[in-house]
2 protein chains.
Amino acid sequence: MADLASVAKRAGVSRATAARAFSSPELVRDQTREKVMAAARELRFRPNTVARQLRAQATRMIGVMVPSLDNPVFAEQLQAMEVAARERGYSLLVTTSEYDPARESDIVESMLRQRVDGLVLTVADAEQSPLLASLRRESTPCLLVYNPAGTSGFPSVGVDNRAASEAATRHLIDLGHTRIGMVAGPLLQSDRARQRFEGYCQAMQSARLTPCALVEMPRHTRAELAPLEGQLKSQQPLTALIATNDLLAISLIGELTRAGFKVPGDVSIMGFDGIALGKCLYPSLCTIEQPRAEIGREAVNALLALLEGEQHAPPLLAYTLRDGESVAPPVSSSAPCPTQRGSHHA
Amino acid sequence: MADLASVAKRAGVSRATAARAFSSPELVRDQTREKVMAAARELRFRPNTVARQLRAQATRMIGVMVPSLDNPVFAEQLQAMEVAARERGYSLLVTTSEYDPARESDIVESMLRQRVDGLVLTVADAEQSPLLASLRRESTPCLLVYNPAGTSGFPSVGVDNRAASEAATRHLIDLGHTRIGMVAGPLLQSDRARQRFEGYCQAMQSARLTPCALVEMPRHTRAELAPLEGQLKSQQPLTALIATNDLLAISLIGELTRAGFKVPGDVSIMGFDGIALGKCLYPSLCTIEQPRAEIGREAVNALLALLEGEQHAPPLLAYTLRDGESVAPPVSSSAPCPTQRGSHHA
DNA sequence: TCCAAAAATGAGATCGATCTCATTGGTGAT
DNA sequence: ATCACCAATGAGATCGATCTCATTTTTGGA
């Protein structure tokens with residue numbers, strides 16, 4: 001591959017001039033620039049970004065670590081980040097951690113060696129993460145996504161999980177539900193899952209209702225459904241479930257429907273995240289929508305602001321309660337509602 | 001950030017020795033290596049990959065361009081690619097094109113400037129792409145994903161779209177469907193969409209059935225549904241639809257259900273891609289499953305093989321017809337078939 | 001003990017672009 | 001005609017690691 005030196009030689013100018021023809025054309029006489037460009041074309045010259053990065057001590061690359069791209073909530077965020085980064089002349093080095101702490105550390109180490117200008121991370125639990133603790137000693141700007149800001153010391157982009165979960169729960173309560181459960185997928189121990197559960201408890205207690213214990217379904221499997229089915233068939237059945245994420249909510253709707261329950265007739269299901277697909281389904285998913293695209297864009301913007309030395313702490317972004325067909329008022333015997341719809345069971 | 005030179009000085013050795021302590025420890029006396037490592041630790045030295053890349057004329061980075069991460073089929077492929085690449089010491093530079101030719105060119109140009117060791121691309125139409133035409137003149141190895149190999153001159157990883165689509169159609173025919181339509185989302189002009197439509201036509205004709213014109217729904221909107229509804233309510237209603245991708249199939253199920261049709265009672269819906277979520281839905285999505293993870297892994301393997309000079313042309317991968325609840329035999333008045341199974345066509 | 005061979009280390013060049021700091025050339029003012 | 005100034009250009013150093021090719025040290029055998 002031709003380099004600037006050969007272009008310069010061919011154009012009959014010095015390397016410095018050739019370089020200027022590309023990076024600061026206004027410093028070069030038109031005629032000279034033409035010569036350089038012509039030579040570059042003939043030699044099929046293509047600037048070597050690596051050399052520029054080394055010299056400039058900046059890569060214009062952002063290191064991104066998400067837990068998994070199999071969950072659309074991260075894929076959609078990344079999509080928006082990529083667009084935003086490209087607009088501003090940055091590229092993304094993308095990695096997935098599967099929430100594996102060892103892998104998280106390896107990844108971040110290799111990104112730091114690659115001299116990314118900044119990091120955008122999503123970890124399981126920002127408060128507990130030894131990785132973040134050690135990152136605090138580094139000079140590379142770092143920004144969290146989806147993790148609550150908390151005490152980790154890093155700015156974070158996301159929504160107020162606790163408030164959002166409270167709002168979700170209240171929505172169900174307002175519809176008349178009183179026996180509401182929360183179902184968690186894997187990552188019970190994540191900071192978000194915790195906050196979402198707290199929000200749920202808070203809302204229940206404010207309404208003088210009793211929060212139920214968290215139902216755990218780490219693997220979304222049918223077997224794990226059994227205890228839940230039990231609770232749905234009991235004397236005092238749950239009439240609404242909040243899943244800690246949309247993927248789980250969608251599986252729940254599928255499995256429960258298959259098991260003979262009607263959603264939302266027998267049980268309302270509420271999700272959390274707001275993945276795009278939720279809107280297309282029937283029943284459409286009622287969920288707390290995190291603005292994934294905005295989160296991605298804002299993550300890029302806030303990180304680049306940090307890079308430029310501004311202490312632009314990104315604000316909490318607004319979540320939306322997206323209504324959907326998976327949630328409806330309860331049709332329980334205990335609810336003395338006149339115009340009750342779908343009076344299926346006793 | 002401390003560099004090797006300062007580590008070397010501190011350890012009282014030359015830069016060459018310090019470098020060796022890291023990259024070829026066996027060439028350095030244990031005692032010397034210890035000194036170097038100690039100095040590195042004290043100075044918090046972290047090797048600069050950019051410098052190594054420049055010197056080595058290799059970046060161990062793969063440039064990946066997918067149309068969009070909002071479609072899980074690409075996100076899932078990318079997830080697998082990332083894992084496979086990391087295992088082999090490579091990183092991914094990830095970009096999204098939205099199938100915009102101008103953006104595709106910009107992206108590839110910037111990746112070439114970044115001196116990625118290889119490219120993994122998915123384009124709208126490999127045969128027509130001017131980008132690919134010009135890429136053929138470059139020395140950077142390039143591999144297509146999802147695009148059929150065809151005449152583009154690049155090896156490609158994916159399934160036989162035509163055969164897969166034919167199989168999907170035959171599956172419906174075997175179930176007794178005779179009036180089967182195909183619905184396409186955006187990207188009618190993509191090479192895959194074309195092949196899938198051909199496969200459909202082929203299967204229909206083989207069964208002496210009349211292929212219908214492709215129904216276009218570029219935006220998945222409700223308005224676009226009208227013509228389709230017409231065809232479903234006609235005298236000779238379509239009893240099965242094949243969508244050109246899963247996202248579209250899922251929206252179709254949702255919208256049609258909402259419009260009062262029963263899936264699969266009134267109309268069977270078949271997808272194409274096999275995104276993970278399809279299995280969780282109710283009705284679960286009957287679809288042609290492309291092995292997304294395998295495609296991702298194989299793309300990395302084949303590209304790295306190319307890098308090492310092997311002419312390891314990746315084979316077509318096997319698709320699977322994944323059965324699902326969205327498809328059932330037709331319940332049409334015109335079908336006088338008691339136990340008929342697949343004995344339809346001459 | 002001494003030499004040859006092997007092991008360990010060092011000096012200097014290299015990858016490609018760009019920055020700093022001269023130096024040259026040209027213009028207008030006096 | 002001469003000087004001052006600005007625009008244009010060039011020479012050389014720099015970013016950090018690593019490669020090549022000496023040179024030094026160590027080791028083992030005679």
Side-chain angles (χ1 to χ4, degrees), chain A residues 1-37 39-40 43-61 89 109-117 139-140, chain B residues 1-37 39-40 43-61 89 109-117 139-140:
Chain A
M1 172 73 53
D3 64 353
L4 244 195
S6 36
V7 170
K9 188 185 297 175
R10 174 153 198 140
V13 300
S14 69
R15 288 168 343 192
T17 300
R20 277 187 283 253
F22 283 96
S23 43
S24 349
E26 72 283 3
L27 293 183
V28 173
R29 233 191 336 193
D30 288 11
Q31 177 191 346
T32 313
R33 191 173 49 242
E34 294 302 328
K35 276 194 301 186
V36 173
M37 292 309 180
L43 296 175
R44 300 171 156 276
F45 168 71
R46 175 172 290 132
N48 186 324
T49 305
V50 177
R52 184 201 302 247
Q53 288 168 339
L54 177 59
R55 174 64 227 230
Q57 297 288 78
T59 52
R60 290 186 90 76
M61 298 206 306
E109 174 64 21
S110 80
M111 286 179 156
L112 290 176
R113 291 183 175 199
Q114 178 62 58
R115 298 299 193 270
V116 294
D117 289 346
S139 56
T140 306
Chain B
M1 171 75 55
D3 64 353
L4 245 196
S6 36
V7 171
K9 187 185 295 177
R10 175 154 197 142
V13 301
S14 68
R15 288 167 343 193
T17 301
R20 277 187 282 255
F22 282 95
S23 42
S24 350
E26 72 282 3
L27 293 182
V28 171
R29 234 186 343 187
D30 288 10
Q31 175 192 345
T32 312
R33 192 171 48 243
E34 295 301 330
K35 275 193 302 185
V36 174
M37 293 308 182
L43 295 175
R44 299 170 156 278
F45 167 72
R46 175 173 289 133
N48 185 324
T49 306
V50 177
R52 184 200 303 244
Q53 288 167 340
L54 177 59
R55 173 66 228 228
Q57 299 287 80
T59 52
R60 290 187 89 77
M61 297 205 308
E109 174 64 21
S110 81
M111 286 177 156
L112 290 176
R113 291 183 176 199
Q114 178 61 58
R115 297 298 191 270
V116 294
D117 288 347
S139 57
T140 307

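Lettering of chains follows the sequences in order, A, B, ..., and the numbering in each one begins at 1.
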Would you classify B:Arg55 as touching base, sugar-phosphate or nothing, given that sugar-phosphate means primed atoms plus P, OP1 and OP2, and contacts are heavy atoms under 4.0 Å?
base
Counting the atoms with a prime plus P, OP1 and OP2 as sugar-phosphate, which does B:Val50 contact under 4.0 Å by heavy atoms, base, sugar-phosphate, or nothing?
nothing
For A:Val13, answer base if it contacts any base atom (sugar-phosphate contacts may also be present), sugar-phosphate if it contacts only those atoms, and nothing otherwise; contact means non-hydrogen atoms under 4.0 Å.
sugar-phosphate
If you round to the nearest 0.5 Å, how far is CZ of A:Arg52 from CG of B:Leu54?
13.5 Å
Between the side chain of A:Thr59 and the main-chain N/O of A:Gln53, is any donor-acceptor distance below 3.5 Å?
no
Before giving the answer on side-chain contact (heavy atoms from CB on, under 4.5 Å), spell out for A:Arg46 and B:Glu109 the whole-Å C-alpha distance, their side-chain angles and the decisive distance to 0.1 Å.
CA-CA 9 Å; A:Arg46 175 172 290 132; B:Glu109 174 64 21; 3.2 Å; yes
Check: A:Thr49 and B:Arg113 side chains under 4.5 Å, non-hydrogen atoms:
yes
Comparing nearest nucleotides in DNA chain C, the 5'-proximal residue of the pair A:Arg29, A:Ser24 is A:Ser24
If you assign each of B:Arg115 and B:Thr17 to its closest nucleotide in DNA chain C, which residue comes earlier from the 5' end?
B:Thr17
Below the 4.0 Å mark, does D:dA8 have OP1 or OP2 next to a side-chain nitrogen or oxygen of A:Thr32?
no
Taking A:Val28's backbone N and O only, do any of them form a donor-acceptor pair with A:Arg20's side chain (distance below 3.5 Å, no angle check)?
no
Would you check if the side chain of A:Asp3 reaches a backbone N or O of A:Ser6 as a donor-acceptor pair within less than 3.5 Å?
yes
Anything under 4.0 Å to a heavy atom of chain A counts; send over the first and last such nucleotide of DNA chain C, read 5' to 3'.
C:dG16 to C:dC19
From NZ of A:Lys35 across to P of D:dA8 the rounded distance in Å is 14 Å
Could you check B:Arg20 against B:Arg46 and say which one's nearest nucleotide on DNA chain D is further toward the 5' end?
B:Arg46
